[in-house]
Participant: 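What follows is a single structure, and I will ask about it in a moment.
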Amino acid sequence: RAKGANDVTPSFFEQSMDDAARERRVLAHEMRRALETGQFYLNFQQQHAVRNNAIVGYEALLRWRHPQKGLVPPDVFIPIAEESGLILDLGAWVLQQACAEAVTWQVHQKIAVNISPLQLTNPTLVDNVREALQKSGLDPSQLELEVTETAIISDRERVLPVLQQLHGLGVTIAIDDFGTGYSSLATLNSFSFDRIKVDRSFVTNLAENSRSHSMLRTILALGKSLQVSVLVEGVETVDQLTILAQEGCAEVQGFIYGQPAPLADLLHSVGLPHEEASAKTSS
Ligand code: C2E
Ligand code: MG
Ligand code: MG
Ligand code: MG
């Protein structure tokens with residue numbers, strides 16, 4: 001376990017802060033080259049209908065295979081890419097790549113792409129989305145953009161017209177990690193969106209915790225009254241899935257259906273152990 005603050009001498013603490021800052025600078029620098037040299041790739045995670053387990057979509061999840069460090073998790077490199085601004089180029093690459101792969105592999109379900117807050121307030125986003133659709137030939141209605149509630153309320157004046165323009169292109173908008181931001185429902189209601197993705201923290205204790213259960217029930221009711229679809233993230237167990245089914249949840253995503261993997265592997269179910277699964281279990 002980590003030591004308490006009292007166990008750490010100030011000089012050691014300062015030293016490790018420096019190390020962390022230096023490491024971030026190194027990663028920011030390396031990431032630029034990584035984009036040019038093809039170290040990034042996409043894994044996809046299936047989204048399922050609860051009713052019949054049918055696949056209703058695939059979420060693209062960005063991966064960085066670092067030549068020395070191996071797989072760097074997105075929770076580490078995405079914030080750094082946001083800080084350095086590289087997320088704009090990286091995000092444009094993700095859009096192109098996700099659309100192109102969907103067409104290559106003849107996916108007929110939705111393809112969901114995560115959009116970072118910086119992209120959402122940048123004027124290039126609409127052009128990037130339009131270009132990714134045109135270059136790939138993907139049907140716009142197949143593309144879903146995942147944005148967080150914190151991102152959309154951060155700069156209301158800028159984001160509102162962007163979301164309108166995106167809708168104008170024919171793509172749909174999902175609110176990711178729903179329930180973890182600080183937006184009021186009234187504010188959220190002034191934006192038009194098509195789907196709510198409930199954060200997995202609501203599912204984690206579902207079977208044991210009656211509060212989580214009530215919250216989920218309330219969010220599902222909210223989706224119904226707003227007439228937007230609700231997808232619950234992070235479903236790992238049969239118990240959780242059973243409760244969600246009882247509550248009338250229509251769509252889910254989670255490890256219960258397997259780990260994120262390259263689209264080709266998911267479509268052809270080659271049955272080989274994926275890099276990601278082995279990386280997770282060995283850590
Ligand atoms: P997210 O968009 O909420 O994606 C869902 C995350 O939850 C993914 O982590 C996925 O692997 C993980 N997950 C899915 N099912 C389960 C489950 O049953 N249990 C648990 N414990 N986890 C589950 P991942 O791939 O590490 O991505 C983390 C975050 O990084 C994403 O959260 C998203 O915010 C960000 N991210 C990933 N790819 C991109 C991207 O292309 N662009 C941007 N801007 N952000 C991205
Ligand atoms: Mg997402
Ligand atoms: Mg999420
Ligand atoms: Mg997230």
Side-chain angles (χ1 to χ4, degrees), residues 31 34-35 39-48 57-65 71-101 110-122 125 128-129 132 143-152 172-181 193 195-207 219 230-241 244 251-263 266 274-277 279-281 283:
M31 231 184 290
L35 185 56
Q39 292 170 24
F40 287 102
Y41 67 97
L42 296 179
N43 269 352
F44 289 82
Q45 187 177 34
Q46 297 167 359
Q47 305 176 326
H48 290 261
Y58 296 89
E59 178 179 4
L61 295 164
L62 186 58
R63 296 292 179 262
W64 179 11
R65 192 186 286 109
L71 275 181
V72 184
D75 292 331
V76 171
F77 72 78
I78 297 278
I80 300 174
E82 286 248 347
E83 228 173 67
S84 73
L86 184 72
I87 194 72
L88 297 176
D89 289 341
L90 194 53
W93 180 84
V94 172
L95 278 163
Q96 299 252 359
Q97 184 68 16
C99 293
E101 287 194 42
K110 284 229 178 221
I111 291 285
V113 173
N114 290 285
I115 301 295
S116 89
L118 199 69
Q119 287 174 278
L120 199 58
T121 52
N122 191 284
L125 177 64
N128 288 338
V129 171
L143 182 60
E144 181 150 276
L145 304 178
E146 297 192 2
V147 303
T148 61
E149 47 184 310
T150 315
I152 63 176
T172 55
I173 308 289
I175 302 196
D176 203 358
D177 305 340
F178 184 84
T180 61
F193 51 90
R195 172 182 270 170
I196 288 172
K197 293 190 74 181
V198 182
D199 190 71
R200 73 182 158 85
S201 56
F202 291 94
V203 183
T204 313
N205 306 311
L206 193 53
I219 298 173
V230 177
L231 178 147
V232 174
E233 289 191 278
V235 180
E236 294 181 353
T237 69
V238 174
D239 279 358
Q240 292 166 345
L241 190 58
L244 289 168
E251 292 165 350
V252 292
Q253 192 179 329
F255 293 167
I256 189 172
Y257 292 103
Q259 297 282 329
L263 198 48
L266 294 179
H274 299 302
E275 186 171 15
E276 181 145 336
K280 284 223 168 95
T281 48
S283 64

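Numbers for residues simply follow the sequence, beginning at 1. Keep in mind it's a predicted model, so treat the numbers as computed, not measured. One-based numbering, in listed order, for ligands and for the atoms of each.
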Participant: Please work out whether any backbone atom (N, CA, C, O) or any side-chain heavy atom from C-beta onward of Ile256 is under 4.0 Å from ligand 1, and answer side chain, backbone, both or neither.
Facilitator: neither

Participant: State the atom name: nearest N, O or S atom of Glu146 to the Mg ion (ligand 2).
Facilitator: OE1

Participant: Within a strict 4.5 Å, meaning less than it, do heavy atoms of the Pro73 and Trp64 side chains meet?
Facilitator: no

Participant: Might you point out which heavy atoms bring Ala81 and Met31 nearest each other, and give the distance in Å?
Facilitator: CB-SD, 3.8 Å

Participant: What is the minimum heavy-atom distance between Asp239 and Ala207, and which atoms define it?
Facilitator: CB-CB, 4.4 Å

Participant: Please identify which atoms of ligand 1 are closer than 4.0 Å to at least one heavy atom of Glu236.
Facilitator: 17 (C), 18 (O), 19 (N), 20 (C), 21 (N)

Participant: Which bit of Leu61 is near ligand 1, meaning a heavy atom under 4.0 Å away: side chain, backbone, both or neither?
Facilitator: both

Participant: What N/O/S atom of Glu233 gets nearest to the Mg ion (ligand 3)?
Facilitator: OE1

Participant: Write down the atom of Val235, the atom of Val232, and the distance for their closest heavy-atom approach.
Facilitator: CG2-O, 3.9 Å

Participant: For residues Phe40 and Phe77, establish whether the separation of their ring centroids is below 6.0 Å.
Facilitator: yes

Participant: Are the side chains of Thr172 and Arg195 in contact, using a 4.5 Å heavy-atom criterion?
Facilitator: no

Participant: Does Asp176 bring an N, O or S atom to within less than 2.8 Å of the Mg ion (ligand 2)?
Facilitator: yes

Participant: Which pair of non-hydrogen atoms, one from Leu125 and one from Leu95, has the smallest distance, and what is that distance?
Facilitator: CD1-CD1, 4.2 Å

Participant: Keeping Gln97 on the side-chain end and Trp93 on the backbone end, is there a donor-acceptor pair under 3.5 Å?
Facilitator: no

Participant: Identify the heavy atoms of Gln46 and His48 that sit nearest to each other, and give their distance.
Facilitator: OE1-NE2, 2.9 Å

Participant: Return a yes/no value for Leu62: is any of its N or O atoms, backbone included, closer than 3.5 angstrom to an N or O of ligand 1?
Facilitator: yes

Participant: By atom name, which N, O or S atom belonging to Glu59 lies closest to the Mg ion (ligand 2)?
Facilitator: OE2

Participant: State the atoms of ligand 1, each with its element, that fall below the 4.0 Å cut-off from a heavy-atom position in Val94.
Facilitator: 41 (O)

Participant: For ligand 1, indicate whether the residue Gln253 contacts it via side chain, backbone, both or neither (heavy-atom separation under 4.0 Å).
Facilitator: neither

Participant: Tell me which part of Asp176 gets within contact of ligand 1: side chain, backbone, both or neither, using heavy atoms under 4.0 Å.
Facilitator: side chain

Participant: Do Asp199 and Ser201 have side-chain N/O donor and acceptor atoms under 3.5 Å apart?
Facilitator: yes

Participant: As a check for students: among Phe255, Trp64, Phe178, Phe40, identify the option with a heavy atom nearest to atom 16 (C) of ligand 1.
Facilitator: Phe255

Participant: Any idea which atoms of ligand 1 are less than 4.0 Å away from a heavy-atom of Asp75?
Facilitator: 28 (C), 29 (C), 30 (O)

Participant: Quick one: which ligand 1 atoms are inside 4.0 Å of a heavy atom on Val235?
Facilitator: 18 (O)

Participant: Among Glu144, Glu251, Glu146, find the residue that satisfies the side chain to side chain donor-acceptor pair (under 3.5 Å) test when tested with Lys197.
Facilitator: Glu146

Participant: Got a sec, which residues hit side-chain hydrogen bond (donor to acceptor under 3.5 Å, both in side chains) with Glu83, two or more places apart in sequence or on another chain?
Facilitator: Arg24

Participant: With a heavy-atom distance limit of 4.0 Å, tell me whether Gln97 approaches ligand 1 through its side chain, its backbone, both, or neither.
Facilitator: neither

Participant: Between ligand 1 and Gln259, can you find any atom pair, the residue atom being a heavy atom, that is separated by under 4.0 Å?
Facilitator: no

Participant: Would you check if Leu263 and Leu42 make a side-chain contact, meaning some heavy-atom pair closer than 4.5 Å?
Facilitator: no

Participant: How about Asp199: does one of its N, O or S atoms come closer than 2.8 Å to the Mg ion (ligand 3)?
Facilitator: no

Participant: How close do Val203 and Gly234 get, counting heavy atoms only, and between which atoms?
Facilitator: CG1-O, 3.9 Å

Participant: Of the backbone atoms (N, CA, C, O) and the side-chain heavy atoms from C-beta on, which set of Glu59 has a member under 4.0 Å from an atom of ligand 1: side chain, backbone, both, or neither?
Facilitator: side chain

Participant: Tell me which part of Pro260 gets within contact of ligand 1: side chain, backbone, both or neither, using heavy atoms under 4.0 Å.
Facilitator: side chain

Participant: Which atom pairs, donor and acceptor, lie under 3.5 Å between side-chain atoms of residues 112-120 and protein residues at least two apart or in another chain?
Facilitator:
from: Asn114; atom 1: ND2; to: Glu59; atom 2: OE2; distance (Å): 2.8
from: Asn114; atom 1: ND2; to: Ala60; atom 2: O; distance (Å): 3.4
from: Ser116; atom 1: OG; to: Glu82; atom 2: OE2; distance (Å): 2.9
from: Ser116; atom 1: OG; to: Leu118; atom 2: N; distance (Å): 3.4
from: Ser116; atom 1: OG; to: Gln119; atom 2: N; distance (Å): 3.4
from: Gln119; atom 1: OE1; to: Ser116; atom 2: N; distance (Å): 2.8

Participant: Judged by non-hydrogen atoms, does Arg63 sit under 4.0 Å from ligand 1?
Facilitator: yes

Participant: Any N or O of Asn114 that comes nearer than 3.5 Å to an N or O of ligand 1?
Facilitator: yes

Participant: List every atom of ligand 1 that sits less than 4.0 Å from any heavy atom of Gly234, numbering the atoms from 1 in the order shown and giving each element.
Facilitator: 16 (C), 17 (C), 18 (O)

Participant: Under 4.0 Å from a heavy atom of Gln45: give me the atoms of ligand 1 that qualify, with their elements.
Facilitator: 14 (C), 15 (N)

Participant: Under a 4.0 angstrom heavy-atom cut-off, which atoms of ligand 1 come close to Ser116?
Facilitator: 44 (N)

Participant: Among the N, O or S atoms that Asp177 has, which is closest to the Mg ion (ligand 3)?
Facilitator: OD1

